[in-house]
S.K.: 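Dumping the structure here so I can ask a few things about it.
Quick caveat, the model's predicted, so the values are computed rather than measured. Numbering of residues begins at 1 and proceeds along the displayed sequence.
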Amino acid sequence: MASARRLKRVASSQPGFLNVKPSEDVNDSLGLKRKRVNRNKKKNWNKYSDINDVESFLNDVRHQERTTGGLLSEKSDESLFFLDIGEPKKAQQKVPESVEGKTRKGKPSRPLRIDLILQHDSLVQPPKDVLAYQQPNAKKLRRIAQKSEHLAAKGVLPRRLKRLQTRRPVIKGPKKAVTEANNYPDRGYYDIWGQETKDSGDPWYLQQTGKKRVKRPEKLNEKPSVLPAVEVIAPGGSYNPDFFSHQALLKDAHEVEVKKKKAEDKLERQLAVNKDDTATVDTILQEEVEGLVEEDEEETAPVEEDDDAVVGAIASGQKKTERQRKKEKAEKIKGQLRLADRRETDQKQQLFQLRSIKASVKEQEHNTGEKQKLRKANQEAQKSQPRRLGRLKFQPQDMEVQLSDELAGSLRQLKPEGSVLKDRFKSLQKRNLIEPRERAKFKRRLKLKYSEKRAFKAIT
């Protein structure tokens, strides 16, 4: 501060120096009227308040605290001054140290400037952590402790101490076998799910009381998918792939795009409007005049009843005689006997068809085995496919393929593609660990209210 004032005095003493007064003095000298400002309002505090002297004083105090650890006026003379007794005696010359293969003669090793910049040079003490000394419910605990001391002085014990005094003493029995330490590296491996505990009690009693261990289902030991956690990309996806492997990857990506295009075209065909079903001027006119024009009634001929039907109806209404019932019963028995003879003849005839029957059975077993193999193959293939766990269907991630002109020759020129987070999320869905999801749609509950600002309202 003193040096700055001295420089100002030296500058003002120069012949070409023009002393400029503050803005308020200039306004007074020019005869201008000073602007009256209402200092009660907060917006005028910083605009029309001069706090440069306060800021300079505070900066000086901070500078003294950083450099000396406090104010110079509060320091003792011993900490500010020292006794100069001359130059110290030169110490014996040390062997020059080698720095990066070279020796420096007569020059001590100094730290680097970057290390000096990073060093903590402020002497201000760190602020005291008040939270470290605070204790939750300190006032309540202090009150409880005072109350317990007051009751102890009167001879009144709390309930916890009374229960400890009235508790039965522990009868020491034989010592139990010392268990093996858990940190012993050579101990045997214990499988918590593989080994079953031996229950000494009655199985029925343990099951009814709920103390019997529940057996772990075997299905919980199976993985939901046979796919690996991290799938390795094809050789064509490398940053510098082989020509043929890259072309094979481009072919796979092309087939995926063709399949998508076919699905889109099929959907467009299904949703397309048939021109034959569209209304024209003639069809509209025909619908409008429908019912207005009288049409000739078609003459319908009466339907003649069949004589046989009438006779059958009349016959069914009559009561059967005893002779008719015996005749029907005899015909029914003859039909049953004829059917039994035919069945027996067929069984005898099958004796001569054993070879063809054996061949047909063998062919049927072969077809059944092929179907079982196909079913097992389909089941194994389904294990590597994502299952339907929710209402949404799994959508595979798009292939990250670079064209031939986009390939980078080195890792420095390689541009990152895709997202690791999205790749892991899709992998969890593909391995049936989580269900396919979609981003939740934001729906505003309350309507937006537009209000005009006060400053803009004053202008308009």
Side-chain angles (χ1 to χ4, degrees), residues 61-62 65-66 68-71 74-76 78-79 118-225 229-230 389-390 421 424-425 427-429 431-435 437 440 445-446:
V61 171
R62 297 189 195 100
E65 289 179 350
R66 287 196 304 269
T68 62
L71 298 177
E74 299 176 358
K75 295 289 182 181
S76 61
E78 289 78 6
S79 61
L118 296 177
Q119 285 182 0
H120 184 70
D121 56 350
S122 178
L123 299 179
V124 180
Q125 296 295 332
K128 184 178 179 181
D129 189 6
V130 181
L131 298 178
Y133 298 92
Q134 291 183 355
Q135 184 180 4
N137 300 327
K139 188 175 181 180
K140 181 179 178 181
L141 296 175
R142 185 168 60 251
R143 194 186 308 115
I144 293 173
Q146 292 175 359
K147 185 177 180 181
S148 61
E149 291 177 0
H150 183 66
L151 293 176
K154 291 183 179 180
V156 180
L157 297 178
R159 185 184 301 174
R160 181 171 56 85
L161 296 178
K162 287 182 180 180
R163 292 180 65 182
L164 288 175
Q165 290 180 358
T166 56
R167 191 171 62 177
R168 293 181 180 180
V170 179
I171 301 174
K172 295 183 178 180
K175 293 184 178 180
K176 296 181 180 180
V178 180
T179 57
E180 190 177 0
N182 291 334
N183 56 0
Y184 183 60
D186 297 334
R187 69 181 187 277
Y189 178 73
Y190 176 74
D191 188 5
I192 190 173
W193 302 111
Q195 300 178 4
E196 296 182 358
T197 56
K198 296 181 180 180
D199 298 328
S200 57
D202 185 15
W204 174 257
Y205 172 75
L206 295 175
Q207 184 179 3
Q208 295 300 320
T209 55
K211 296 182 180 180
K212 188 175 182 180
R213 292 176 59 89
V214 180
K215 186 178 179 181
R216 180 180 174 86
E218 294 294 337
K219 191 174 182 180
L220 295 180
N221 298 328
E222 299 178 0
K223 290 186 177 181
S225 178
V230 179
L389 301 180
L421 181 61
R424 292 295 86 212
F425 193 69
S427 177
L428 292 175
Q429 294 180 358
R431 288 183 288 145
N432 303 319
L433 295 178
I434 60 176
E435 72 279 2
R437 305 171 185 177
R445 296 177 60 185
L446 302 176

S.K.: Does the Thr166 side chain pair with the main chain of Arg163, one donor and one acceptor, at a distance under 3.5 Å?
M.R.: yes
S.K.: Which residues satisfy the side-chain hydrogen bond (donor to acceptor under 3.5 Å, both in side chains) test with Ser122, sequence neighbours excluded?
M.R.: none
S.K.: Counting heavy atoms not belonging to Leu421, are there more than 12 under 6.0 Å from its CG?
M.R.: no
S.K.: Of all the heavy-atom pairs spanning Leu389 and Glu435, show the shortest one and how long it is.
M.R.: CB-CB, 3.9 Å
S.K.: In Å, rounded to the nearest 0.5 Å, how long is the span from CD of Glu222 to NZ of Lys219?
M.R.: 7.5 Å
S.K.: Grab the two heavy atoms, one from Leu157 and one from Lys162, that are nearest each other, plus how far apart they are.
M.R.: O-CE, 3.3 Å
S.K.: To the closest 0.5 Å, what do you measure between NZ (Lys139) and CZ (Arg142)?
M.R.: 7.5 Å
S.K.: Are any non-hydrogen side-chain atoms of Pro224 and Leu433 less than 4.5 angstrom apart?
M.R.: yes
S.K.: Taking all non-hydrogen atoms of both residues, which atom of Ala229 and which atom of Arg424 are closest, and how far apart?
M.R.: O-NH1, 3.0 Å
S.K.: How close do Ser148 and Ala145 get, counting heavy atoms only, and between which atoms?
M.R.: OG-O, 2.7 Å
S.K.: When rounded to the nearest 0.5 angstrom, what is the spacing between CD in Glu65 and CG in Leu71?
M.R.: 6.0 Å
S.K.: To the nearest 0.5 Å, what is the distance between CG on Asn432 and NZ on Lys223?
M.R.: 13.0 Å
S.K.: Got Asn221 and Arg216 here, is their nearest side-chain heavy-atom distance under 4.5 Å?
M.R.: yes
S.K.: Flag yes if more than 12 heavy atoms outside Lys75 fall under 6.0 Å of its NZ atom; otherwise flag no.
M.R.: yes
